Amino acid sequence: MIDVEALKSLAAEDEAAWNALWQKTGEATLTQDEAQRALACLWRRTHLWIARHMPDYVADFPTCKRYPGILKPRRELYWTDHGTEGLTHEGTLAWFSSRRWPVNDPATDKPLLGPDGQPVLKLQGGSTHFVIALDGTVFYLIDLGDGAWHEPKRNRDSWSVEMVNALDLHEENGEWRTWCGRYPYVESYPPVELTLPWRGTRFMQPYDARQAVANIKLKRLVMAAQPGRLAPARMSQHSDWRTDKLDCGPLWPIAEINAAAFSTTPIAELAWVKALSAAGALPASLESPDSQALAAREGNLSSVVDPIASLREVQQALLVLGYALPLSGADGHLGPETAAAVRAFQADWTKAHPDDAIAADGIPGAETEKRLAAACTERGVTP
Ligand SMILES: [Zn+2]
């Protein structure tokens, strides 16, 4: 629960400190003290922003979807850039909150009802350390000391930032659409036709130059706060880890962004940033999405069953099927023990069901969840 009154008392002070330090991040290298102070301000202003702009969500932040102790106990970490597949930062923040959403019955595609006749609510979606809005505003949701749940292969050794972007766009009956409905930014972010289709996608939403600049500054800020933990070779994006992910896609200049993050050149002097800003296609300010659009977005989100919905449920299924988790139990964290148990289950499943073979990759995705449920039914056990 956000302590709104406590944050209000710090607001003016935080805002001034944040603005000065964020400005400086683009121009010079912050000291470790300054960077840590900036992050503390960013954390508070993020949660105060949520309290002011999404008052219904005060109880859903700070997000419970943070995983203390999950990051590998080593100094070097990866960094993963993501694209949200969403339209607004409000929708993105809602998705990364602690709110429980109704789940659909995959068989009927209607909301699943519990014994009391009420929709079954479930913690869904992943989490992320940071979100960057279309206008470059940065939100800090999970402490750098804790893990986020953004990519099963990298949750244990990567910090993450989500760039608000619809990613895949397509035309339908003369209207531009995203996976979850109408694409409202045809004027401000005209769909870009890719020179080469990217993993089956031909049109994508362009990023805003302010997002690229904020991404560089954020990486500089984190490196100043926690020196020695990031390196150019470990700066990645989601599509590096999975062949089924689009983010961030060819419109995200990741090589330039990461080179800039590790340089000491003031951002305003970077030639490609100047060119990007001068391109003229970027709006000076983005109108705030109306509440109807936000509600529609949430409605759409709530109808999606997250493929890795609840790791705890996966662990419970593993346990009733006889896979031991002596160290972690059903703790909701993807540690090496759980990954090994998932791998063992996947291999056993394939052995017993050669016509329905699955990869023994140790990743508890939707395919594995389906087989876990089937295996429980076969054996007559309930997680
Ligand atoms: Zn991603």
Side-chain angles (χ1 to χ4, degrees), residues 63 65-67 70-71 77-97 101 123-134 138-142 144 146-169 178-180 183 189 194 198-201 203-208 211-212 214-215 218-219 222 230 234-255 257-258 261 297 300-301 304-311 334 361-369:
T63 180
K65 291 189 279 191
R66 55 188 186 275
Y67 300 94
I70 199 178
L71 287 180
L77 291 177
Y78 285 84
W79 179 288
T80 309
D81 284 350
H82 292 264
T84 56
E85 279 187 273
L87 295 170
T88 68
H89 46 281
E90 286 92 340
T92 298
L93 294 170
W95 186 235
F96 292 132
S97 76
W101 307 90
L123 200 58
Q124 292 186 59
S127 55
T128 179
H129 293 93
F130 300 99
V131 171
I132 295 182
L134 287 164
V138 184
F139 300 91
Y140 182 19
L141 299 177
I142 293 184
L144 290 174
D146 296 337
W149 184 8
H150 59 106
E151 161 51 49
K153 292 181 188 173
R154 282 272 85 87
N155 288 341
R156 299 184 66 247
D157 58 10
S158 175
W159 287 320
S160 66
V161 61
E162 292 271 356
M163 313 304 300
V164 173
N165 186 287
L167 298 178
D168 183 15
L169 302 176
T178 73
W179 69 276
C180 70
Y183 176 66
Y189 300 100
L194 306 176
W198 168 239
R199 297 186 175 174
T201 289
F203 292 92
M204 294 186 86
Q205 176 179 344
Y207 290 88
D208 191 303
Q211 289 180 294
N215 185 290
L218 177 61
K219 286 168 180 167
V222 168
L230 292 176
R234 294 192 302 274
M235 307 303 284
S236 59
Q237 57 183 328
H238 202 180
S239 54
D240 293 342
W241 309 121
R242 288 176 53 151
T243 53
D244 60 339
K245 289 289 172 185
L246 290 179
D247 53 335
C248 294
L251 301 179
W252 183 238
I254 192 162
I257 284 172
N258 286 335
R297 164 82 182 140
N300 280 310
L301 281 174
V304 176
V305 179
D306 185 75
I308 46 168
S310 165
L311 196 51
L334 181 60
D361 55 7
I363 299 168
E367 292 305 299
T368 300
E369 277 194 24

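Model, not experiment: these values are computed from the prediction. Throughout, numbering of the chain's residues begins at 1 and tracks the sequence. Order of listing sets the numbers, starting from 1, for every ligand and every atom in it.
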Quiz item: Could you state the interatomic distance from NE2 (His82) to NE2 (His129), rounded to the nearest 0.5 Å?
Solution: 10.0 Å
Exercise. Under the side-chain contact (heavy atoms from CB on, under 4.5 Å) rule, what do Thr84 and Trp95 come out as? Steps first, then yes or no, please.
Key: CA-CA 10 Å; Thr84 56; Trp95 186 235; over 6 Å; no
Quiz item: Do Asp244 and Arg242 sit within salt-bridge range, that is, some charged N less than 4.0 Å from a carboxylate O?
Solution: yes
Quiz prompt | Between CZ on residue Phe130 and CD1 on residue Ile142, distance to nearest 0.5 Å | solution = 10.0 Å
Practice problem: Quick one: do Asn215 and Trp252 satisfy side-chain contact (heavy atoms from CB on, under 4.5 Å)? Show the steps, please. | Solution: CA-CA 11 Å; Asn215 185 290; Trp252 183 238; 3.3 Å; yes
Quiz item: Hey, are Thr80 and Ser160 close enough side-chain-wise for a donor-acceptor pair under 3.5 Å?
Solution: no
Quiz item: What is the number of protein N/O/S atoms located under 2.8 Å from the Zn ion (ligand 1)?
Solution: 3
